Amino acid sequence: MSKCIEPQVGKLLHAYELNALSPQETELFEIHLVKCEHCFEEIKRFEQEIELLMGDDDVKKTVAESAEGQEALRSEQGTLIRLLRPKRFPHIRTVAAAAVLLALVLIASPHFLTYVTRDDSGGGAQTVSLVANRSEANEVRLESGVKGIVFEFLCEGAIPGQTHHFEIRSIPDGTLDPIYPHGSLDSSGTARVEVQASDLKPGFYVLTTSKSASDSSAVCGPFYFRVRPD
Amino acid sequence: MDSMEQLLERAIAGDEIAEQEIFGHLLVRFVLLAKRRVRDKEGAQDIAQDACLTIHEKYKAEIFEVSFEAWAYGVLRMKIGNWLRKRKARSACEALGDCPVTQRQTEKCEVDQELKRQLLACLKKVLAANPRYARALNLVHHGYKSEEVCLKLQVTKGNFYVILSRGRSMLRACLGDGDL
Ligand SMILES: [Zn+2]
C-alpha cells in the first residue's frame, strides 16, 4: 500500500473520521484526501467500523463506561497526590514525590494492600477496614454468600454519643443511587457502617461522613474504595 | 504512475486517457466526501458527478491558485452547499405536503450485527489497554472538537492525534487478527 504523501496532514486521519476536527482542519484534510491515495484507501477500508464507532448506542455506552472508570481512578489518584504534596515546604517536593511513588508501588502490589476483610458472623457479614484517602488501598472483594458489609474506619472528628450521617456514592456520581447506611461509633472513635452486599456493584465509591444530612461538612474521610468483582 | 500534475498536463494537451484517469480519481473521492456531509448515498453520487461535470467544463481555462485538487475540492464544496440548500427547501415542502414525487428520503444504513459484535469485543480490549484513547473517544462522542479535547485531556494537539492514531491502529489490528 502507498505511503501518506503529507504525514503532517495525514496524522489528522482518525480525528477526521471521528468528526473531531475544526472546519479549517476538516478542509485541510479533505483536500489532502483528494490527493493522497494512502489516506483515501484507509478511510474507505474503515468506513463501516467508523459508522458504528460514531453512531451506535452500544458502542458509545461501552466507551463511556470505560472512560468514566478511568476518570474515577484518576480523580482518586489525584486526591492522593494532592494530599501528599507539600504546600509550605516546596524544597521537600522531591522527597514527597518519591514517597508517593513508593506508596503507589506498595498499593499496586497485592501483598501490601492494607485492607482487611474478615467474616464476622458465620458467613453473614464481611468487615472491611478503610483507610482515609488511600484510594487503591481500599479494596473490597465481595465474598460469596456474604449478605452484609461492615466498613470499619477511624473517624477522628466524630463525637461519641452523637448521631452522624454516612453516605456512599458511586464514582462517577449517579451511576448507582446513593446509599445512606446505618452507622455506629465506639468510644475509641472507630466507626462501623453497614451496607447490604447486594447494594454494591463492582466499581468505585466514596464514603463520606457528616454531622447530618443538612450539614454536609465532613467529620472525617472521605474514604474511597473500590469493589472488585468476585 | 503519473502524478496529478503530469496527468493534468497531458489532459490539457488533449490526452483523453489522462483526462479519464483524472476524473475517475476525483469521482470516487468526491462521492466519499459528499456522502459524509449529506448522509445520502444517491445524493452524494449526484453531487460528485455534478462537480466533475463543472470541473470538466472549466479546468482547461482555469488558473489554479494553490493546486488543481484544492480548486476541484472548492467546486465540490459549492455543489454540496447547493444540494443541502435544496434539501432544506424539500423539507419545507414536505411540511406543506406538496413535494415533487422524485425526492428521496435520507437513507438509514442497516447495521451489520456481526461486524458490530466484533467491533465491540475489540473496542473493549483497546479501551482497557489504551485508557487515553477511551477518554478521547468519549469526549468526541460528546461532541467536543480537537481543541476542546486537548484542553480537557491536557495534551498538545500533536499528542491528541498520536493518541487517536494508536487507538485506531490497535482497533484495526484486533479486527484483523484478534490481537492488539
Ligand atoms: Zn495521507
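Residue numbers start from 1 in every chain, and the chains themselves are labelled A, B, ... in the order their sequence lines are given, proteins ahead of strands. All values reported here derive from a predicted model rather than from experimental measurement.
Both the backbone and the side chain of B:L115 come within less than 4.5 Å of a heavy atom of chain A. Neither the backbone nor the side chain of B:L139 comes within less than 4.5 Å of any heavy atom in chain A. Of the atoms belonging to A:L13, it is side-chain heavy atoms, and not backbone ones, that fall under 4.5 Å from chain B. Residue B:R132: no heavy atom, backbone or side chain, is found under 4.5 Å from chain A. With a 4.5 Å cut-off on non-hydrogen atoms, B:F68 does not touch chain A at all. Using a 4.5 Å cut-off between heavy atoms, A:Y16 touches chain B through backbone and side chain atoms alike. Contact of B:V66 with chain A is not made at all, since no heavy-atom distance falls under 4.5 Å. Residue A:E47 touches chain B through its side chain alone, counting heavy-atom pairs closer than 4.5 Å. For chain A, the nearby part of B:L32 is the side chain; its heavy atoms alone come within less than 4.5 Å.
Residues A:M54 and B:V140 meet the side-chain proximity criterion, which asks for heavy atoms closer than 4.5 Å. Residues A:T26 and B:R37 meet the side-chain proximity criterion, which asks for heavy atoms closer than 4.5 Å. Using a 4.5 Å heavy-atom cutoff, the side chains of B:L33 and A:F40 are not in contact. Counting heavy atoms from C-beta on, the side chains of A:E17 and B:L164 never come closer than 4.5 Å. Side-chain contact between A:L33 and B:Y73 is absent, with no heavy atoms from C-beta onward closer than 4.5 Å.
Taking B:L26, B:V28, B:V162 one by one and counting their heavy-atom pairs under 4.5 Å with chain A, the maximum is reached by B:V28. Of the listed residues (A:A20, A:A67, A:A15), the greatest number of heavy-atom pairs within a distance under 4.5 Å of chain B belongs to A:A20. Across B:M4, B:K116, B:R77, the residue that shares the most heavy-atom pairs under 4.5 angstrom with chain A is B:K116. Across A:E27, A:K44, A:Q48, A:H32, the residue that shares the most heavy-atom pairs under 4.5 angstrom with chain B is A:E27.
Other residues, nucleotides and ligands contribute only 12 or fewer heavy atoms inside 6.0 Å of the CZ atom of B:R166. Within a 6.0 Å sphere centred on CD of B:E16, heavy atoms belonging to other residues, nucleotides or ligands number 12 at most. Dense packing is recorded around NZ of B:K60, with more than 12 heavy atoms of other residues, nucleotides or ligands lying under 6.0 Å away. Within a 6.0 Å sphere centred on CD of B:E62, heavy atoms belonging to other residues, nucleotides or ligands number more than 12. Other residues, nucleotides and ligands place more than 12 heavy atoms under 6.0 Å from the CZ atom of B:F23. For B:E65, the CD atom is loosely surrounded, since the number of other residues' heavy atoms within 6.0 Å does not exceed 12.
Contact check on B:K145 versus A:E25 returns no salt bridge, with no Lys/Arg side-chain nitrogen under 4.0 Å from an Asp/Glu carboxylate oxygen. A salt bridge links B:R29 and A:E37; the closest N-O separation between the charged side-chain nitrogens and carboxylate oxygens is under 4.0 Å. A:E51 has a carboxylate O that lies under 4.0 Å from a charged side-chain N of B:R39, or vice versa, which qualifies the two as a salt bridge.
Residue A:L52 holds its CG atom at 13.0 Å from CZ of B:R117, rounded to the nearest 0.5 Å. Distance check: B:F160 CZ to A:K11 NZ gives 12.0 Å after rounding to the nearest 0.5 Å. With rounding to the nearest 0.5 Å, the separation of OG in B:S67 from CD1 in A:I31 is 6.5 Å. Atoms CG and OG1, on B:N138 and A:T62 in that order, are 11.0 Å from each other to the nearest 0.5 Å. Distance CZ/B:R168 to CD/A:E42: 4.5 Å, rounded to 0.5 Å. Distance NE2/A:H14 to OG/B:S169: 9.0 Å, rounded to 0.5 Å.
Heavy-atom minimum distance, B:L127 versus A:S66: CB-OG, 3.3 Å.
With hydrogens and angles ignored, the 3.5 Å screen pairs a side-chain donor or acceptor of B:H25 with a backbone N or O of A:V34.
Just one of B:L171, B:L175, B:L123, B:D112 meets the side-chain contact (heavy atoms from CB on, under 4.5 Å) condition when paired with A:E49; it is B:L175.
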